[in-house]
There are 2 protein chains.
Amino acid sequence: MSIRHGLLALLDQGPRYGYQLRTEFEARTGATWPLNVGQVYTTLSRLERDGLVEAAGEDDEGHQFYAVTDAGRAELRTWFDTPVPRTSPPRDELAIKLAMAVTVPGVDVSAVVQGQRRHSIKALQDYTRLKGRALAGETGPGTVPSEGNDLAWLLVLDQLIFQTEAEIRWLDHCETRLAQQAELQQARAAEAARDGAARKPGRLGRRTRA
Amino acid sequence: MSIRHGLLALLDQGPRYGYQLRTEFEARTGATWPLNVGQVYTTLSRLERDGLVEAAGEDDEGHQFYAVTDAGRAELRTWFDTPVPRTSPPRDELAIKLAMAVTVPGVDVSAVVQGQRRHSIKALQDYTRLKGRALAGETGPGTVPSEGNDLAWLLVLDQLIFQTEAEIRWLDHCETRLAQQAELQQARAAEAARDGAARKPGRLGRRTRA
DNA sequence: CGACACATGTAACACGTTACATGATTTG
DNA sequence: CAAATCATGTAACGTGTTACATGTGTCG
């Protein structure tokens, strides 16, 4: 529901038309999250269907304007007032992938971690470079520079940087945990070998085949 | 596509039936990302439609087993081999919300940030508590403890913790940036006032600054 | 017996995404 | 003139999500 509310917020500044909304949206999120123009129109019609926006006539140049309704303003207010739920965050594909990788046999977990790490490092460098350019006063291509926009774009960039840094730290953390695990298993294997035939069935587990 | 591949990975360990897949999936992601049982079945039929899994007969207890096909194994391999794209990550609702909040007039940005901060702190505490319990050896409710599962669940928890910490740091960072911005604007306003006092242009005086 | 976990599915819907069709206007 | 940008839409599809229908077995 990010796009829905994003467009609603933009419309709260005053009536806009579709193409304009896309431009303004991208001015704030930069090249990070490109927004297909078509989606603006589909989202607009869904917003209109739900009574959050309404058609607001045409321009002298034929632009189809939309305006936010009272219901839309209310919706927007609760959006801003309600924190994004972090108790049940959106599924993170990387977390799921690693959770599966450490479980399914025959997967080189370390390779997965390292591959992702390289990629994330690369992404981080890109973001840092972009931030440098943003601080130098250069805005994204084709956008009219404005203080608010610049600030928004900068904050989004910072968020991406913080998040990516955390991801890399987590990947490293995973590696050390995996090393610990391997050590532990080696120790256990050695112990089992020493115990030899006198094995106790204390551990139950593994698969339930019928 | 996280669920698709997640189920595929689970099936790579050997044929499973729907209900079992849900249990095993949740054993790895804990209570964080509960998986509706119905979705397992819809996803399974879509996987079958795409030729990644195939029906593998019934149990003596009537359980409908599914097995991964060669195509499915190939798909799984490329999933593990290809890093999750961080150059164009999934849209983050919080980032978009703040980007809009700093742009749209009439929004108390600081209130939004603080509200989110409180919520994220709360979530972080929950995760930390869960991690403590997980380290104490207790697995989620109704799950058979297994070493791989425990490790996976622990890694997922760590990811959530790292990510939430980064989010909180970012929120604080936003506040300082906002303070800077406010300072800058105050300075600018003061400057404008000084200029105005110098030449007393009246209420509607033009402030043309070359 | 009634509640609850186990187990399998279907139907409907929401959102996001892409591809396509179409036309006006600007610009090299 | 040709290409690019501006501008509006539609159609189709994919995944994820919920609600519902249905039935079995178990346990207090």
Side-chain angles (χ1 to χ4, degrees), chain A residues 1-8 15-27 29 33-53 55-66 75 79 85 88-93 96 141-144 208 210, chain B residues 1-8 15-26 29 33-53 55-66 75 79 85 88-93 96 140-144:
Chain A
M1 315 264 287
S2 332
I3 294 182
R4 254 173 94 88
H5 289 112
L7 295 187
L8 209 54
R16 307 280 144 115
Y17 58 91
Y19 201 88
Q20 194 181 6
L21 286 172
R22 180 236 199 170
T23 308
E24 296 197 8
F25 189 94
E26 287 202 346
T29 64
W33 299 311
L35 179 57
N36 190 296
V37 202
Q39 180 135 16
V40 174
Y41 297 105
T42 59
T43 306
L44 275 177
S45 33
R46 285 164 186 169
L47 282 169
E48 193 179 15
R49 173 200 62 189
D50 298 339
L52 303 182
V53 308
E58 284 194 18
D59 198 327
D60 46 343
E61 290 175 17
H63 295 141
Q64 306 286 328
F65 279 78
Y66 283 87
E75 171 71 21
W79 188 54
S88 57
R91 270 177 247 279
D92 183 68
E93 188 173 351
I96 290 179
T143 59
V144 180
T208 41
Chain B
M1 316 263 286
S2 333
I3 294 181
R4 253 174 94 89
H5 289 112
L7 295 187
L8 208 54
R16 306 280 143 115
Y17 58 92
Y19 201 89
Q20 193 180 7
L21 285 172
R22 180 236 198 170
T23 309
E24 297 198 7
F25 190 93
E26 288 203 345
T29 64
W33 299 312
L35 179 57
N36 190 297
V37 202
Q39 179 135 14
V40 174
Y41 296 106
T42 61
T43 305
L44 274 177
S45 31
R46 285 164 186 170
L47 283 170
E48 192 179 16
R49 174 200 61 188
D50 299 339
L52 303 182
V53 307
E58 284 194 19
D59 198 330
D60 46 344
E61 289 174 18
H63 295 141
Q64 307 285 328
F65 279 79
Y66 282 88
E75 170 73 21
W79 187 55
S88 57
R91 271 177 246 280
D92 183 67
E93 188 174 350
I96 290 179
T143 58
V144 180

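Naming: A, B, ... by sequence-line order, numbering from 1 per chain. When reading the values below, keep in mind they use all heavy atoms of this one structure, side chains included, and skip hydrogens, waters and symmetry mates. The structure displayed is predicted, hence computed values, not measured ones.
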N/O donor-acceptor pair, side chain B/Arg46 with base D/dG16, under 3.5 angstrom: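 Yes.
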Which nucleotide span of DNA chain C, 5' end to 3' end, has atoms closer than 4.0 Å to non-hydrogen atoms of chain B?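 From 5' to 3', the first and last contacting nucleotides are C/dC6 to C/dT17.
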If the condition is side chain to side chain contact (heavy atoms under 4.5 Å, CB included), which residues does [X] pass it with, not counting sequence neighbours?
X	answer
B/Tyr41	B/Tyr19, B/Val37
B/Glu93	A/Ser2, A/Trp79, A/Val84
A/Pro15	A/Phe65, A/Ala67

Taking 4.0 Å as the cut-off, does a side-chain nitrogen or oxygen of B/Arg49 come that near to OP1 or OP2 on D/dC13?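 For D/dC13, neither OP1 nor OP2 has a side-chain N or O of B/Arg49 closer than 4.0 Å.
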Quick check: on DNA chain C, is the nucleotide nearest B/Val37 upstream (toward 5') of the one nearest A/Asn36, or the reverse? Name the residue that is more 5'.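 In this pair, the answer is B/Val37.
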Pairwise distance OG1(A/Thr42) to CD1(A/Ile3) - rounded to 0.5 angstrom: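 Rounded to the nearest 0.5 Å, the OG1-CD1 separation comes to 8.0 Å.
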Between [N] atom [atom2] and [X] atom [atom1], what is the distance in whole Å?
X	N	atom1	atom2	value
B/Met1	D/dT15	CE	P	6 Å
B/Leu47	D/dG14	CG	P	13 Å
B/His5	D/dG14	NE2	C1'	13 Å
B/Leu44	D/dT15	CG	P	13 Å

For A/Arg22, give me all partners under salt bridge (charged side-chain N to carboxylate O under 4.0 Å, His left out), at least two apart in sequence or on another chain.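 Partners of A/Arg22 by the salt bridge (charged side-chain N to carboxylate O under 4.0 Å, His left out) criterion come out as none, since no residue qualifies.
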Please write out the pairs of protein N or O atoms and N or O atoms of nucleotides 3-7 of chain D separated by less than 3.5 Å, giving the distance to one decimal.
| residue | atom | partner | partner atom | Å |
| --- | --- | --- | --- | --- |
| D/dC6 | OP2 | A/Tyr19 | OH | 3.0 |
| D/dA7 | OP1 | A/Tyr17 | OH | 3.1 |
| D/dA7 | OP1 | A/His63 | NE2 | 3.0 |
| D/dA7 | OP2 | A/Tyr17 | OH | 3.4 |

Set of side-chain hydrogen bond (donor to acceptor under 3.5 Å, both in side chains) partners for A/Asp50, sequence neighbours left out: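 Applying side-chain hydrogen bond (donor to acceptor under 3.5 Å, both in side chains) to A/Asp50 gives A/Arg4.
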Salt bridge (charged side-chain N to carboxylate O under 4.0 Å, His left out) partners of residues 34-49 of chain A, not counting sequence neighbours, each pair once: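 Checked against salt bridge (charged side-chain N to carboxylate O under 4.0 Å, His left out) - neighbours excluded - no pair reaches residues 34-49 of chain A.
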B/Trp33: what forms a ring-ring contact (aromatic ring centres under 6.0 Å, His included) with it, not counting sequence neighbours?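 B/Trp33 satisfies ring-ring contact (aromatic ring centres under 6.0 Å, His included) with no other residue.
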